Amino acid sequence: IALIGSAVALFAAARSREPLRWRPAVTFVGALWIGFGAVFLAVDLGFGGPSMLLKLPQWALLLPVGVLAWLGAGPAKDA
């Protein structure tokens, strides 16, 4: 559900003529994916140590999407 909802929100924000309207949704998606990535990092480091970071690399897929969504939803710069 989170994957489909995230895809819909990010696609709608990218295609919208009013991107500021979608800023809260994109910020939420970014925070959600950063949270998912943080859980995988905590489990990897907490239960298996640093060697688990390469055995369970889901964090490497989740964190970049979350960070890019978070940065993309940042404050608009005046042109």
Side-chain angles (χ1 to χ4, degrees):
I1 292 175
L3 180 62
I4 293 170
S6 298
V8 168
L10 293 177
F11 184 76
R15 302 296 295 169
S16 176
R17 293 180 189 215
E18 298 177 24
L20 294 179
R21 178 178 160 185
W22 288 93
R23 184 179 290 168
V26 174
T27 302
F28 178 73
V29 167
L32 191 67
W33 284 62
I34 289 171
F36 290 157
V39 168
F40 277 103
L41 277 176
V43 169
D44 288 351
L45 293 174
F47 291 104
S51 65
M52 288 298 286
L53 289 175
L54 295 177
K55 291 180 183 176
L56 298 172
Q58 290 90 338
W59 62 271
L61 300 171
L62 297 168
L63 286 178
V65 174
V67 169
L68 289 174
W70 187 274
L71 292 174
K77 297 183 180 177
D78 295 333

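Computation of the quantities below employed the complete heavy-atom set of this structure, encompassing side-chain atoms and omitting hydrogens, waters and symmetry-equivalent molecules. What you are looking at is a predicted structure, and each value in this text was computed from that prediction instead of being measured. If you read the sequence from its start, that first residue is 1, and numbering goes on from there.
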Do [X] and [Y] land in one hydrophobic cluster if side-chain heavy atoms of ILVMFWY residues count as linked below 4.5 Å?
{"X": "Leu56", "Y": "Phe47", "answer": "no"}
{"X": "Phe28", "Y": "Leu63", "answer": "yes"}
{"X": "Leu53", "Y": "Val67", "answer": "yes"}
{"X": "Leu71", "Y": "Leu62", "answer": "yes"}

Distance check, rounded to the nearest 0.5 Å: Arg15 atom CZ versus Leu10 atom CG?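 Answer rounded to 0.5 Å: 14.0 Å.
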Enter the distance from Leu45:CG to Ser51:OG here, rounded to the nearest 0.5 Å.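 So the CG of Leu45 and the OG of Ser51 are separated by 9.5 Å.
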Shortest non-hydrogen separation from [X] to [Y] and the atoms involved:
{"X": "Thr27", "Y": "Ala73", "result": "OG1-CB, 3.3 Å"}
{"X": "Ala13", "Y": "Trp22", "result": "CB-CB, 3.5 Å"}
{"X": "Gly37", "Y": "Trp59", "result": "O-CB, 3.8 Å"}

Test applied, side-chain contact (heavy atoms from CB on, under 4.5 Å); reference residue, Trp70; option that passes from Val29, Val26, Ile34: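 The residue from Val29, Val26, Ile34 that satisfies side-chain contact (heavy atoms from CB on, under 4.5 Å) with Trp70 turns out to be Ile34.
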Test side-chain contact (heavy atoms from CB on, under 4.5 Å) on Leu3 and Trp33 and set out the steps. CA-CA 9 Å; Leu3 180 62; Trp33 284 62; 3.8 Å; yes
